[in-house]
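What follows is one structure encoded as structure tokens, with my remarks underneath.
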There are 2 protein chains.
Amino acid sequence: MSPIYVVGHKNPDTDSICSAIAYAYLRNKMVEAGKIKGVTEEAVPARQGDLNPETEFVLQKFGFDAPELVTDGEGKKVILVDHSEKAQSLDNIEKAEIIAIIDHHKIGDITTPNPITFINMPTGCTASIIKKLFEYCEIEIPQNIAGIMLAAILSDTVAFKSVTTTEKDKQAAEDLAKIAGIDDMMAFAMEMFKAKSDVSGKSPRDLLFRDYKDFDMSGNKVGVGQIEVVSLDLLADVKDALYEEMKKVKEEGGYHSIFLMLTDIMKEGTELLVVTDDPSIVEKAFGKKLEGRSVWLDGVMSRKKQVVPPLEKAFA
Amino acid sequence: MSPIYVVGHKNPDTDSICSAIAYAYLRNKMVEAGKIKGVTEEAVPARQGDLNPETEFVLQKFGFDAPELVTDGEGKKVILVDHSEKAQSLDNIEKAEIIAIIDHHKIGDITTPNPITFINMPTGCTASIIKKLFEYCEIEIPQNIAGIMLAAILSDTVAFKSVTTTEKDKQAAEDLAKIAGIDDMMAFAMEMFKAKSDVSGKSPRDLLFRDYKDFDMSGNKVGVGQIEVVSLDLLADVKDALYEEMKKVKEEGGYHSIFLMLTDIMKEGTELLVVTDDPSIVEKAFGKKLEGRSVWLDGVMSRKKQVVPPLEKAFA
Ligand SMILES: [Mn+2]
Ligand SMILES: [Mn+2]
């Protein structure tokens with residue numbers, strides 16, 4: 001019997017990987033407990049691409065292998081976590097059978113021919129919703145699963161500094177830290193961010209696509225990437241090469257614009273690198289003019305809440 | 001301060017009206033209890049159109065007035081219940097701010113610029129999900145709200161005869177009947193269905209649009225209506241006029257096809273009246289040829305699960 005693949009978005013981040021593992025576990029337990037009828041195939045976590053160094057660090061710390069690589073949805077049963085946009089989902093997602101969606105982003109353009117479970121909440125992280133679902137289903141969270149769920153929350157909320165952070169995320173993280181036996185959450189977050197900041201030996205293309213999403217904004221193809229580091233100094237040597245790479249990708253992919261967020265976790269702000277057909281879009285979106293090839297956006301750390309919505313408005 | 005309108009689909013059925021009332025109540029209680037931050041305006045139930053006689057009977061029985069009529073979403077804050085399709089939602093829904101969606105249908109084409117709460121479950125009725133949300137939020141259900149929620153479940157599941165019925169619906173109905181003080185659920189359901197079967201004094205157009213939904217099926221405009229009666233005999237005198245009305249509406253609205261389900265609640269089947277540009281679509285969808293202007297579909301009672309999905313496949 002073919003399994004149900006639980007899979008996050010393209011260019012997976014820590015939430016997409018860890019929530020896939022956690023939800024696959026929860027779903028299998030729910031089937032065991034008779035709480036799910038009908039589609040009861042085994043749930044198997046999957047990933048759409050390479051792990052970033054932060055996620056590698058997290059999986060290794062808690063003893064998980066990388067999930068199976070799955071990029072094409074055709075003929076597969078799938079559960080989507082951490083996204084509901086076709087552009088971020090598996091290739092041929094329209095030929096997959098979508099069993100459920102668990103997400104915390106804006107409602108995307110995926111539709112289904114039948115009623116399914118779709119739970120989207122405006123939390124800072126998918127793992128915070130999955131934590132609630134564990135509670136709701138009265139299923140115990142194993143120590144190592146709690147560890148990776150905590151990591152997902154700390155990663156997505158940048159240790160609660162992101163404006164996307166909610167009380168639910170903080171509460172979930174506290175509970176999960178207890179289960180995982182992690183006494184100093186902030187020290188753990190810093191270890192993760194150091195792993196994430198490691199750009200050594202990576203090609204500009206790898207860095208650009210490490211955490212990169214495509215959007216359709218009023219008919220324009222727009223890419224928004226993000227590199228988070230504990231200090232922008234770490235990117236000084238690669239910034240020129242990143243910019244050249246963005247220009248190349250813009251041509252190859254027929255983009256209207258590509259934005260790359262260079263996010264300084266400690267300073268709590270983002271240098272936004274921009275290649276675009278219309279530089280005025282930056283001022284329209286953020287109220288600040290492009291200075292040369294970039295603009296500094298103080299306090300901006302969230303693509304989802306602080307970059308994509310103003311861009312969508314500016315393009316509308 | 002302008003309110004948040006909680007509103008079901010066009011041509012409202014009992015679930016769309018009663019779930020709007022129940023969720024507006026729940027949301028206001030959640031705000032009171034401090035469980036919702038941010039958008040805390042008063043939630044007010046609304047309806048997109050006239051009440052059907054079943055819903056009128058239910059609201060009168062439990063002492064509710066008809067919700068406020070709202071048809072245009074422009075500039076309004078809204079919560080959608082019982083639908084997630086643009087075609088079934090308020091006019092100018094793209095100019096409304098959607099705060100949340102609670103639904104039990106296939107995932108529709110509504111998208112949002114920001115993360116919101118979207119809870120969709122494959123239950124037989126929206127009210128069954130709202131019942132779970134009351135429990136989850138630990139908010140007590142008042143007796144009269146329990147009554148209309150029970151009515152919504154009995155209506156949407158045709159007293160648990162519809163294939164859409166799940167264990168969750170049955171459990172919710174039992175709990176709600178206790179709270180509402182209704183000892184004989186089936187007698188109550190029969191009262192409702194008799195009210196619903198009342199077609200006397202209604203124009204063919206009113207009957208056609210009483211429970212009617214538009215769909216976009218692979219680029220074709222398709223309408224699917226349903227009239228549920230305790231016996232098809234009740235419709236014998238109006239069937240000709242209904243068919244003529246369907247032909248008129250097809251021309252006026254530029255439809256590819258209009259399907260009208262004449263559902264016999266007691267016999268548990270549907271006579272499907274059809275006007276279409278392509279009569280072969282009926283056999284493609286249901287494996288049975290059109291006989292004249294209609295086809296009898298044994299066991300078919302659910303538009304959502306037994307009529308729309310095979311039609312969408314046939315059109316694809
Ligand atoms: Mn996430
Ligand atoms: Mn319904």
Side-chain angles (χ1 to χ4, degrees), chain A residues 34-39 80 82-86 94-95 98-126 129 132-133 135-136 163-164 166-168 215-218 302 304-306 308-316, chain B residues 34-39 80 82-86 94-95 98-126 129 132-133 135-136 156 163-164 166-168 215-218 302 304-306 308-313 315-316:
Chain A
K35 285 175 201 261
I36 290 180
K37 279 151 192 131
V39 192
L80 308 181
D82 204 29
H83 72 292
S84 64
E85 304 258 353
K86 282 182 203 163
E94 64 286 352
K95 293 178 189 156
I98 300 172
I99 305 294
I101 306 175
I102 316 290
D103 190 20
H104 69 123
H105 294 88
K106 69 202 188 73
I107 308 304
D109 55 357
I110 285 176
T111 61
T112 64
N114 286 304
I116 64 162
T117 296
F118 184 167
I119 300 179
N120 197 88
M121 306 276 252
T123 51
C125 179
T126 306
I129 303 168
K132 285 276 172 201
L133 294 175
E135 277 170 27
Y136 184 72
V163 293
T164 58
T166 66
E167 278 308 310
K168 283 196 185 80
F215 297 88
D216 178 338
M217 298 196 182
S218 304
S302 164
K304 183 178 88 159
K305 224 159 176 170
Q306 297 172 295
V308 169
L311 279 175
E312 290 204 313
K313 256 193 201 154
F315 273 101
Chain B
K35 286 175 200 260
I36 290 180
K37 279 150 194 133
V39 192
L80 308 182
D82 205 29
H83 72 293
S84 63
E85 305 256 353
K86 282 181 202 163
E94 64 286 352
K95 292 177 189 155
I98 300 172
I99 305 293
I101 306 175
I102 316 289
D103 190 21
H104 69 123
H105 294 87
K106 69 202 189 70
I107 307 303
D109 55 358
I110 284 176
T111 60
T112 64
N114 286 303
I116 64 162
T117 296
F118 184 168
I119 299 179
N120 197 89
M121 307 275 253
T123 51
C125 179
T126 305
I129 303 168
K132 285 276 173 201
L133 295 175
E135 277 170 27
Y136 184 72
D156 260 20
V163 293
T164 59
T166 67
E167 278 308 311
K168 283 194 186 78
F215 297 89
D216 178 339
M217 297 195 182
S218 304
S302 165
K304 184 178 88 161
K305 222 157 175 170
Q306 297 172 295
V308 170
L311 280 176
E312 289 205 314
K313 254 193 202 154
F315 273 100

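By convention in this document, chain letters (A, B, ...) are assigned in the order of the sequence lines, proteins followed by strands, and residues within each chain are numbered from 1.
Among B/Asp109, B/Thr111, B/Ile110, the one residue that satisfies the side-chain contact (heavy atoms from CB on, under 4.5 Å) test with A/Thr111 is B/Asp109.
Among residues two or more places apart in sequence or in another chain, the ring-ring contact (aromatic ring centres under 6.0 Å, His included) test is passed with A/Phe315 by A/His256. The salt bridge (charged side-chain N to carboxylate O under 4.0 Å, His left out) test applied to A/Glu135 returns A/Lys131, not counting sequence neighbours.
In terms of non-hydrogen atom pairs under 4.5 Å with chain A, the most contact-rich of B/Thr166, B/Ile119, B/Asn114 is B/Asn114. Most heavy-atom pairs under 4.5 Å with chain B: of the set A/His104, A/Lys132, A/Lys106, A/Met121, this distinction falls to A/Lys106.
Atom OG1 in A/Thr112 sits 11.5 Å away from atom NE2 in B/His105 (nearest 0.5 Å). One finds the CZ atom of A/Phe118 at 11.0 Å from the CG atom of B/Asp103 (value rounded to the nearest 0.5 Å).
Heavy-atom neighbours of A/Lys313 NZ from other residues, nucleotides or ligands within 6.0 Å: at or below the threshold of 12. For A/Lys168, the NZ atom is loosely surrounded, since the number of other residues' heavy atoms within 6.0 Å does not exceed 12.
Of all heavy-atom pairs between A/Pro115 and B/Lys304, the closest is CG-CE, 3.7 Å. Residue B/Pro113 comes nearest to A/Pro309 through the heavy atom pair O-CG, 3.9 Å, listed as atom of the first residue, atom of the second, then distance. Listed here is the closest heavy atom pair of A/Ile116 and B/Asn120: O-ND2, 2.7 Å.
If you measure heavy-atom distances from A/Ile129 to chain B, you find no contacts under 4.5 Å at all.
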